Amino acid sequence: MILNDEKFRLKVGLAEMLKGGVIMDVVNAEQAVIAERAGACAVMALERVPSDIRKEGGVARMSPVSKVREIMAAVSIPVMAKARIGHFTEARILEAMGVDYIDESEVLTPADEEHHIAKRDFKVPFVCGARNLGEALRRIAEGAAMIRTKGEAGSGNIVEAVRHIRTIIREMRHLTILGKEELVHESKILGAPLDLVEWVAENGRLPVPNFSAGGIATPADAALVMQLGAEAVFVGSGIFKSEDPEARAKAIVKAATYYKDPLKLLEASEDLGMAMPGLDISKLPEEELMQTRGW
Amino acid sequence: MQDTPKKLVGVLALQGDFEAHQKALEAAGADTLQVRTAEDLGRVDGLVIPGGESTTMLKLLGYTNLLEPLRSYAATKPVFGTCAGAILLATEVLHPSQHSLEAIDMTVERNGYGRQIDSRVATIPFQGGELEAVFIRAPIIRRVGPSVTVLAEYQGTPVLIEAGHHLAATFHPELTGDSRVHALFLSKL
């Protein structure tokens, strides 16, 4: 089983180290330095933040290698980078550069509309997005060592991340009360391998860290998903599309640690300037949704 | 024999794999408490500083004014640091240079083996037997002072050391299900 594999344990090990932290989207070295100074536990290199991808349209690809290299040279914390869904060559290039984690991400334009990357073969670990337990377990079966909710990237709206984390947790809780023969049936419904379904039924959690992403714009948003069961948060457009990125970055770092302490959250929420503008997701046309990418 | 009351061990819970440490400590026979404030710190018999990102932990220690309380705690009580925790305990940190709690006389180089693709699992000699050591973007201890005893080495550099009642490991004993290193720390309380 994949979970016992030594290479896989090392991949999950780094995800363990990121728990309780904030991973911030950055497009260049200057932003990476601001993120590190604010206390980010890792940065995510990408070509454009999701809200700009939404606005400008076109094909969103892996960040140019010169940008990734510039970011890796600028900070001492782990550097992640996004590759397109199914684009295993982008992933091999990022691996050859020595990035610490690859996000096979629905935020970029998918390169394959049926298959994800076969992630077990890689030495570099992968994180993938999921909206429900079936998706999460399929990605783990492919080799993902960290799962994050998809939410709706670039929307500044937390509603989809909440839906996804609640769904995953409810579906896991459901598995814990089923009998052995029911798990086989459940494995069929979820479209996920039986051994992973059985593991979740026995342990009541994902076998890899479960983080949240997609729409986090305030310290309160970060604390909300953490209280719902996320173990760390990714913030995309929420920081560098706000009025005062450095202050907001620090505030979200504090919120991820003190997510259960309302007084500390109040303190973190003071004097942050304007948050990024938000979108009403129910008014977005279906084809503009990023969360439906991934299979 | 009468049961001695269990020790209460704090795990610094600002960021990192603090829950894995709680499990390992509980398996070794201690009660645990997540430490996020100076008041929490006042309640515990010893403290574990977990793995995670040392820069993030330093920022959070600064934001919450915990740096000085932690320094005074380490002056009198046992502290065990793993990976990022070992970096925070060192008197000198390199690559890049950063400040620390300065509780153990040693020089530590961050990300000493390289990046994540250089992370590894190794078997190292320990207490006359063997120990599985998980190194994740691990630091390397480049120098130890005379007050430090080396308990285990890997590739010619110390990876587990003790200094008075403090303990530091550059690897992650909390990730293996083997609680011998945690038991060693509990013996110091």
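Letters A, B, ... are given to chains in the order of the sequence lines, protein chains preceding strands, and every chain is numbered from 1. Predicted, not measured: the structure shown is a model, and the values here were computed from it.
Across B/Q116 and A/D100, no two heavy atoms sit closer than the pair N-OD1, 2.9 Å. For the residue pair B/Q15 and A/C41, the shortest heavy atom distance occurs at NE2-CB, 3.9 Å. Counting all heavy atoms, side chain and backbone alike, B/E53 lies closest to A/I77 at OE1-CG2, 3.7 Å.
With a 4.5 Å cut-off on non-hydrogen atoms, B/V121 touches chain A through its backbone and its side chain both. Interface residue A/V79: backbone and side-chain heavy atoms are both found under 4.5 Å from chain B. Looking at B/A13, the atoms closer than 4.5 Å to chain A (heavy atoms on both sides) all sit in the backbone: N, CA, C or O. Using a 4.5 Å cut-off between heavy atoms, A/R9 contacts chain B through its side chain alone, with no backbone atom that close. Interface residue B/T55: only side-chain heavy atoms are found under 4.5 Å from chain A. Looking at B/L175, both its backbone and its side chain come within 4.5 Å of chain A, counting heavy atoms on both sides. For a residue to count as touching a neighbouring chain, one of its non-hydrogen atoms must lie under 4.5 Å from one of that chain's; by this rule A/A256 does not touch chain B. Residue contact with chain A, scored on non-hydrogen atoms closer than 4.5 Å, is absent for B/Q98. Contact of B/L60 with chain A is made through the side chain alone, with heavy-atom distances under 4.5 Å. Both the backbone and the side chain of B/R36 come within contact range of chain A, each with at least one heavy atom under 4.5 Å from a heavy atom of that chain.
Top candidate by heavy-atom pairs under 4.5 Å with chain B, chosen from A/K250, A/K11, A/E231, is A/K250. Listed options A/G21, A/G20, A/G98, A/G39 were ranked by heavy-atom pairs under 4.5 angstrom with chain B; first place goes to A/G39. Of all the listed residues (A/E95, A/K7, A/E16, A/K19), the one sharing the greatest number of non-hydrogen pairs under 4.5 Å with chain B is A/K19. Heavy-atom pairs under 4.5 Å with chain A were tallied for B/M57, B/E174, B/R137, B/H95; the largest tally goes to B/R137. Among A/A15, A/P209, A/A38, the residue with the largest count of heavy-atom pairs under 4.5 Å with chain B is A/A38.
Around atom NZ of B/K7, no more than 12 heavy atoms belonging to other residues, nucleotides or ligands sit under 6.0 Å away. By the 6.0 Å contact criterion, CD on B/Q127 is enclosed, its count of non-hydrogen atoms from other residues, nucleotides or ligands being greater than 12. Within 6.0 Å of the CD atom in A/E246, the count of heavy atoms belonging to other residues, nucleotides or ligands exceeds 12.
Of residues 257-271 of chain A, those residues lying under 4.5 Å from chain B by any heavy-atom pair are A/T257, A/Y258, A/K264. Listed in order of number, the residues of residues 119-127 of chain A that approach chain B to under 4.5 Å between heavy atoms are A/K123, A/V124, A/P125.
Residue pairs meeting the ring-ring contact (aromatic ring centres under 6.0 Å, His included) criterion with at least one partner in residues 6-64 of chain B, sequence neighbours excluded, are B/H21-B/H182.
To the nearest 0.5 Å, atoms CE (A/M17) and OG1 (B/T56) are separated by 13.0 Å. The CG atom of A/L10 lies 12.5 Å from the CD1 atom of B/I117; values are rounded to the nearest 0.5 Å. To the nearest 0.5 angstrom, A/S76 atom OG is 3.5 Å from B/R110 atom CZ.
Put simply, the side chain of A/R37 reaches to within 4.5 Å of the side chain of B/K59, judged on heavy atoms.
Residues meeting the side chain to side chain contact (heavy atoms under 4.5 Å, CB included) test with A/K82, sequence neighbours left out: A/D25, A/M44, A/L46, A/D103, A/S105, A/V107, A/L108.
Between A/E6 and B/R120 there is no salt bridge, since no side-chain N of the basic residue sits under 4.0 Å from a carboxylate O of the acidic one.
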